[in-house]
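See structure below.
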Amino acid sequence: MESYYPDQTDLAILKLLQKEARLTYNEIGRRLHKSKSPIIERIKRLERLGYIRGYVALLDYELLRDCMMAYVHIRLLDHSGAALEEFQAAVASYPEVLECCHTTGEDDFILKVVTSSLQSYNAFLRQKLDRLPNIGQVSSSMVLAQAKHSTAVPF
């Protein structure tokens, strides 16, 4: 993979796209005072190098029926590299897990989990998480309301 760090124009493109991913090449060029062709080339390079991993629609889970969110704090029994990788691979395969973060502090991992109901969350815990080896302790925090939701990286 080629070594590359985005320049100021690339960073400006990234800032625009993370706020409005549906902008056209022409609109990005207009906002940055550049022509369409170099904008296309830059975006394709940023995609190829992994700076842009994909484009998504952000949904408001509170407006969706039958949708609840929880943060799950997990402590493992074994902290070896192999055990950590095994745990991460397992939870990454679960569609209910939106995020899996390896953390410092009392917990080893924090998962962001979305399910359709309290009953389906309980099924997720019992049929998936509890069956994983190496689980020491699990605690859950149910989200009552979300004051802010953003995926924009500040840079």
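Being a predicted model, the structure only gives us computed values, none of them experimental.
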Would the distance check show the side chain of Asn134 and the main-chain N or O of Asp78 forming a donor-acceptor pair, the cut-off being under 3.5 Å?
yes
Please examine the side chains of Phe109 and Gln88, heavy atoms only from C-beta on, and report whether any two atoms are closer than 4.5 Å.
yes
Looking at every non-hydrogen atom in both residues, tell me the closest pair between Ile39 and Gly29 and how far apart they are.
CG1-CA, 3.7 Å
Can you see whether Ser140 engages Tyr121 through a side-chain donor-acceptor pair at a distance of less than 3.5 angstrom?
yes
For Tyr55 and Glu47, run side chain to side chain contact (heavy atoms under 4.5 Å, CB included): C-alpha distance rounded to whole Å, both residues' side-chain angles, the deciding distance at 0.1 Å, then the answer.
CA-CA 10 Å; Tyr55 300 88; Glu47 290 171 345; 2.7 Å; yes
Evaluate the side-chain proximity of Val113 to Leu98: yes if any heavy-atom separation is below 4.5 Å, no if none is.
no
Are Ile28 and Ile43 packed together at the side-chain level, in the sense that at least one heavy-atom pair is separated by less than 4.5 angstrom?
yes
Here the gap from Ile13 atom CD1 to Tyr51 atom OH, rounded to the nearest 0.5 Å, amounts to 13.5 Å
List the steps, then state whether side chain to side chain contact (heavy atoms under 4.5 Å, CB included) holds for Thr151 with Gln18.
CA-CA 8 Å; Thr151 60; Gln18 73 177 353; 5.8 Å; no
Within one Ile-Leu-Val-Met-Phe-Trp-Tyr cluster: Leu118 and Leu129, side-chain cutoff 4.5 Å:
yes
Has the side chain of Thr103 got a donor or acceptor atom that lies under 3.5 Å from a matching backbone atom of Asp107?
yes
Gln146, CD: over 12 other non-hydrogen atoms inside 6.0 angstrom:
yes
Same apolar cluster: Leu58 and Leu17, side chain cutoff 4.5 Å
no
As a quick check of understanding, evaluate side chain to side chain contact (heavy atoms under 4.5 Å, CB included) for Ile74 and Val72, giving each step before the final call.
CA-CA 6 Å; Ile74 299 173; Val72 184; 3.9 Å; yes
Should Val97 and Val114 be marked as a side chain to side chain contact (heavy atoms under 4.5 Å, CB included) after you check the CA-CA gap, both sets of side-chain angles, and the distance that decides it?
CA-CA 7 Å; Val97 176; Val114 173; over 6 Å; no
Counting only heavy atoms from other residues, nucleotides and ligands, does the tally under 6.0 Å from NZ of Lys34 exceed 12?
no
Side chain to side chain donor-acceptor pair (under 3.5 Å) with Asp108: of Arg75, His73, Gln137, His79, only one passes, and it is His79
With side chains defined as the heavy atoms from C-beta onward, is the minimum distance between Ser120 and Glu96 less than 4.5 Å?
no
So which of Lys128, Gln127, Arg126 actually passes side chain to side chain donor-acceptor pair (under 3.5 Å) with Asp130?
Arg126
Calculate, to the nearest 0.5 Å, the distance between atoms NZ and SG belonging to Lys112 and Cys101 respectively.
9.5 Å
Could you measure the distance from the CD atom of Gln119 to the CG atom of Asp66? Nearest 0.5 Å is fine.
10.0 Å
Could you state whether Phe155 and Leu46 fall into the same hydrophobic cluster, counting links through intermediate Ile, Leu, Val, Met, Phe, Trp or Tyr residues with side-chain heavy atoms under 4.5 angstrom apart?
yes
Contact between Ile40 and Lys36 at the side-chain level, heavy atoms closer than 4.5 Å - yes or no?
yes
Under 4.5 Å between any side-chain heavy atoms of Leu23 and Arg31, yes or no?
yes
Do Leu32 and Leu16 have side chains that get closer than 4.5 Å, going by heavy atoms?
yes
In sequence, state the C-alpha distance, the side-chain angles, and the governing distance for Asn26 and Thr24, and then conclude on side chain to side chain donor-acceptor pair (under 3.5 Å).
CA-CA 5 Å; Asn26 285 332; Thr24 65; 5.1 Å; no
Given Arg22 and Glu27, is the salt bridge (Lys or Arg N to Asp or Glu O under 4.0 Å) satisfied, shown in steps?
CA-CA 10 Å; Arg22 294 178 66 177; Glu27 180 60 22; over 6 Å; no
In this structure, would Met68 and Ile110 fall into the same cluster of hydrophobic residues linked by side-chain contacts under 4.5 Å?
no
Contact check, side chains of Leu76 and Phe87, non-hydrogen atoms, under 4.5 Å:
yes
Under 4.5 Å between side-chain heavy atoms, counting indirect links through other Ile/Leu/Val/Met/Phe/Trp/Tyr residues: same cluster for Leu49 and Leu11 or not?
yes
